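A short worksheet on the structure shown next.
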Amino acid sequence: MSIPTTNKQTVEIGKANKRKYMLEKLSSRIFLICALLSVITLLLIIGFVFYKGAHPFVAEGYSFINFIFGTDWVPSEDKFGIFPMIVASIFATIGALIIGVPIGLFTAIFLAEIASKRLAKIISPAIQLLAGIPSVLYGVFGLAIIVPFLQNTFGLVKGQSLIAVILVLAIMMLPTIVTVAETAIRAVPQTYREGSYALGVSQIGTIFKVIVPAAKSGIMTAIVLGLGRAIGETMAVILVAGNSLIVPTSLTDSVRPLTTNIALEMGYAFGTHQEMLFATGIVLFSFILILNFVLAKISAKGGN
Amino acid sequence: MRHFKDSLLRALLWLSAFLSVAILVMIVGFIFYKGIGLISFNFIFGDYSPTGDGGIWPMIITTIYTVLISLVIATPIGILAAVYLQEYAKQGRLVRLIRFATESLTGIPSIIYGLFGAVFFVTTLKLGMSILAASLTLTIIVLPVIIRTTEEALKTVPRSYREGSLALGTTKLQTLYKVILPSSMPGILSGIILSVGRIVGESAAIFLTAGTVAAMPESILSSARTLTVHSYLVTQESGDIELAAAVGIVLIVIILAINLSATYISKKFNKATNK
C-alpha cells in the first residue's frame, strides 16, 4: 500500500524538484559561459590587435614587405621598417637560450641527481622564489651591474648593448628553466637509474644517456617557458638595450627589440604610427607562435 | 678517457649550479644592499613627493587596488570555468577548444596584453588610462593561471567523495559546493595566491593601461603607477638605482610572503588528504 499523500503535498514536492532541476540546468549554463570566456577573450585579443595592426596595410596602402624588411623607422617621416628590431629580437632570444639553457639544465640535473638532499632542499626553494621576482628588478640589476661591467671590460662608449640584453634575459630565464626541468628529472622512475647502474653505467653516464632523454618532454617544456619569458620581456630589456635603431652587427651594438619599440612609443603614438606599433605586436605574436610550433616539433621528434 | 669525460661533466654540473646560485644571490643581495638605506617608515607609508624625499604609499595602494579588482573578477570566473571543464563538460571538441584557448592565453607576452588593454579597455570601452583598465587587463592575464590550478585541485578530489555524495541523493550542484569545492579549497587558494604574485610582478601591461601618474589615486578610474612601474620609471628617467632597489625590496618581501603562504597552505592540504 502506498503512503497516502494529499494532492497538495505532491504538487509542492513537484515544484521543489522543478526548481532544483532548473537551478541545476541554469548553473551548468553559467559554468559553460565562464569557460567560454577564455575563448572569447582570446578571439577579442587576436581580433583587436590584428584589426589595428593590419589596417595600414589593408586600407592605407603601406607595403607589408617594406614594413618587415625596411631598415628605417622614422614615424615623423612616415617611414616604418622594423627589420632592425626583428634581428635584435632574434639575436637576443637565441643568445639568451645559448647561455641560459645549458646552465639552467645543468643546475637542474645537479639539484635532482648530484646534490645531497639537504643541499637541494635549501637551493631549490630559493630558486623557485627567484622565478617570482618581478622582471623589472632584473633590468635594474642589469643597468647597475652588467652595463657598467661591460663598459669597463670592453671599453665601450655605452654599455647598453645586445650582449647586456642577452645576459639579463639569460639570468631571468634561469629560475624558470631550473625549476621546471628539475621537476621533470625528479619524475623519472627510480627503476631507470637502477637498471642503468645494474648494466655497469657510471652515474654521469646514467644521467646523460638515460635520465635526460627520459625527461626530454619536461625539459622541453622548461625551455619553452623560459623562452616565453625572455622573448616577451619588455621593461627590463628597455633598461639595458640602449634602444638604437640599427641592425646589430656585433654583440656590443645598442639594439631595440620588438617589445621595447611598442612600450617606448605607445605613450605618444597616434594614427598610423600607433597602428604600426600594433603591427609590431603582430610580428612578435607570430614569432612566438612559430617558436612554440618548432619546439613542439623538435620535442615530438625526440620522443620518437 | 671515459673517466676524464665523466669528471669533466661532473665538474660542469657543479660549476653551473654554483654559477646559478651565485648570480641569483648576487641579484637579491644587490637589491637589498642598494636599497636598504632608503627603507624607513616614512618611505613606505609617506605620500609621494616629486622632490624625492617622499614615500611610495600611493604605489602600494595602486598595487593593492589592481590585485583586489583583478582577483574579484578573475577568481569566480576562473573557478567556475575549471568546474565546467572538470566536472560538467563531456570531453570533445568544445573542451579541446577551451583548453587550447586557455593555453594560448598563457603564452601571450604581457606587452601584447598591454596593447589589447590599451585599445579595448582604454579606448573602446572609454575607461581611459586607469586602474580599472589595468585591472581588467590583468584579469585576462591571471585567468588561465586560476583555471589551471583549480582544475589540478579538482582532480585531486577522490572519486569516492563525489559518488558518496550523489548516492545520498544530492544534486550535482549540491555535491559541488558542499563536497567538491570545500575539499579542493586549499589547492584553489594557493592558485589564487600565485596569481597575486603574477599581478604584483607585472609591468609592461600595466604601463600601457594604467599610465604613470605618481599620485594617490582618487578612484579606480584614475591613472596611477604600481610598484613595478615606479621601479622602472625611476631607473629609466632619473637613473636612481637606490630608489628603484628600495622599491625592489618591498616587492621581494611581498613575493616572499606570497610564496610562503602558498607553500604553507599546500603543505596543510597535503597533510589533510594523507590522513
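These numbers come from a predicted model, not from an experiment.
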- Query: When only pairs under 4.5 Å are counted, which of Phe18(B), Trp14(B), Tyr113(B), Phe120(B) shares the most heavy-atom pairs with chain A?
  - Reply: Trp14(B)

- Heavy-atom pair of closest approach, residues Ser27(A) and Leu173(B): OG-CD1, 3.5 Å

- Item | Minimum-distance pair of heavy atoms, taken over all atoms of Phe106(A) and Leu13(B) | O-CD2, 3.4 Å

- Message: Does Leu115(B) form a side-chain contact (heavy atoms from CB on, under 4.5 Å) with Thr280(A)? I'd like the steps, not just the answer.
- Response: CA-CA 10 Å; Leu115(B) 276 178; Thr280(A) 312; over 6 Å; no

- Query: Of the listed residues (Leu37(A), Leu284(A), Leu239(A)), which shares the most heavy-atom pairs with chain B below a 4.5 Å separation?
  - Reply: Leu239(A)

- Item | Identified side chain to side chain contact (heavy atoms under 4.5 Å, CB included) counterpart of Ser38(A) within the set Leu85(B), Ile77(B), Ile98(B), Leu97(B) | Ile98(B)

- Item | Proximal component of Thr259(A), with respect to chain B [non-hydrogen, under 4.5 Å] | both

- chain B interface, residue from Ile238(A), Ile33(A), Leu225(A) that has the most non-hydrogen pairs under 4.5 Å: Ile238(A)

- Message: Is any side-chain heavy atom of Pro109(B) closer than 4.5 Å to one of Ile231(A)?
- Response: no

- Phe48(A) versus Thr124(B): any side-chain heavy-atom pair under 4.5 Å? yes

- Task: Give, as side chain, backbone, both or neither, the part of Ile30(A) having an atom under 4.5 angstrom from any heavy atom of chain B.
- Result: side chain

- Query: How far apart are the closest heavy atoms of Gly281(A) and Ile112(B), and which atoms are they?
  - Reply: O-CD1, 3.2 Å

- Taking all non-hydrogen atoms of both residues, which atom of Ala118(B) and which atom of Met266(A) are closest, and how far apart? CB-CE, 3.9 Å

- Quick one: CG on Leu130(A) to CD1 on Ile23(B), what's the gap to the nearest 0.5 Å? 11.0 Å

- Around atom NZ of Lys209(A), are there more than 12 heavy atoms of other residues, nucleotides or ligands at under 6.0 Å? no

- Proximity breakdown for Glu113(A) and chain B, heavy-atom pairs closer than 4.5 Å: neither

- Message: Any non-hydrogen side-chain atom of Leu129(A) less than 4.5 Å from a side-chain atom of Ile255(B)?
- Response: yes

- Note on the structure: Cut-off 4.5 Å, heavy atoms of chain A, and the answer for Leu24(B) is both

- Message: Measuring only between side-chain heavy atoms, which start at C-beta, is Met235(A) closer than 4.5 Å to Gln236(B)?
- Response: no

- Message: Quick one: does any side-chain atom of Thr107(A) pair with a main-chain N or O of Ser16(B) as donor and acceptor, under 3.5 Å?
- Response: yes

- Interface moiety of Met129(B) toward chain A, non-hydrogen atoms closer than 4.5 Å: neither

- So, the part of Ile103(A) with a heavy atom under 4.5 Å from chain B: the answer is both

- Message: Ile114(A) vs Arg10(B), test: side-chain contact (heavy atoms from CB on, under 4.5 Å). Steps then yes/no.
- Response: CA-CA 9 Å; Ile114(A) 308 250; Arg10(B) 189 181 287 274; 4.0 Å; yes

- Message: What's the separation between atom CZ in Phe141(A) and atom CD1 in Ile241(B), rounded to the nearest 0.5 Å?
- Response: 11.0 Å

- Contact summary for Ala35(A) and Ala81(B), nearest pair of heavy atoms: CA-CB, 3.5 Å

- Item | Stepwise side-chain contact (heavy atoms from CB on, under 4.5 Å) check, Leu32(A) with Tyr88(B) | CA-CA 8 Å; Leu32(A) 172 63; Tyr88(B) 281 78; over 6 Å; no

- What residue in Leu143(B), Ile108(B), Ile147(B) has the most heavy-atom pairs under 4.5 Å with chain A? Ile108(B)

- Query: Does Tyr197(A) OH have over 12 foreign heavy atoms under 6.0 Å away?
  - Reply: yes

- Task: Pick whichever of Ile46(A), Leu44(A), Leu36(A) has the most heavy-atom pairs under 4.5 Å with chain B.
- Result: Leu44(A)

- Value rounded to 0.5 Å, distance of CG in Leu264(A) from CZ in Phe207(B): 7.5 Å

- Message: Among Ile207(A), Leu111(A), Ile145(A), Leu258(A), which residue has the highest count of heavy-atom pairs closer than 4.5 Å to chain B?
- Response: Ile145(A)

- Message: I'd like to verify something: which residue of Val140(A), Leu174(A), Leu277(A), Val49(A) has the highest number of heavy-atom pairs under 4.5 Å with chain B?
- Response: Val140(A)

- Okay, Leu12(B) and chain A: the region with an atom under 4.5 Å from a heavy atom over there is both

- Task: Could you grab the distance from atom NZ of Lys20(A) to atom OG1 of Thr171(B), nearest 0.5 Å is fine?
- Result: 6.5 Å

- Task: Please state whether the side chain, the backbone, both or neither of Val28(B) comes within less than 4.5 Å of a heavy atom of chain A.
- Result: side chain

- To the nearest 0.5 Å, atom CD of Glu233(A) lies from atom CD1 of Ile111(B) at 9.5 Å

- Query: Considering only heavy atoms, which portion of Leu256(B) lies under 4.5 Å from any heavy atom of chain A: side chain, backbone, both, or neither?
  - Reply: both

- Task: Counting only heavy atoms closer than 4.5 Å, note whether Ile254(B) contacts chain A via side chain, backbone, both or neither.
- Result: neither

- Message: Would you compute the distance between atom CD of Glu24(A) and atom CD of Gln174(B) and round it to the nearest 0.5 angstrom?
- Response: 7.5 Å

- For Pro134(A) and Thr228(B), work out which heavy atoms get closest and say how close. CB-CG2, 3.7 Å

- Item | Residue selection (most heavy-atom pairs with chain B, distance under 4.5 Å) from Val136(A), Ile45(A), Leu137(A) | Ile45(A)

- Task: With a 4.5 angstrom heavy-atom cut-off, could you sort out which part of Tyr232(B) is near chain A: side chain, backbone, both or neither?
- Result: both

- Item | chain B contact via Tyr21(A) - side chain, backbone, both or neither, heavy atoms under 4.5 Å | neither

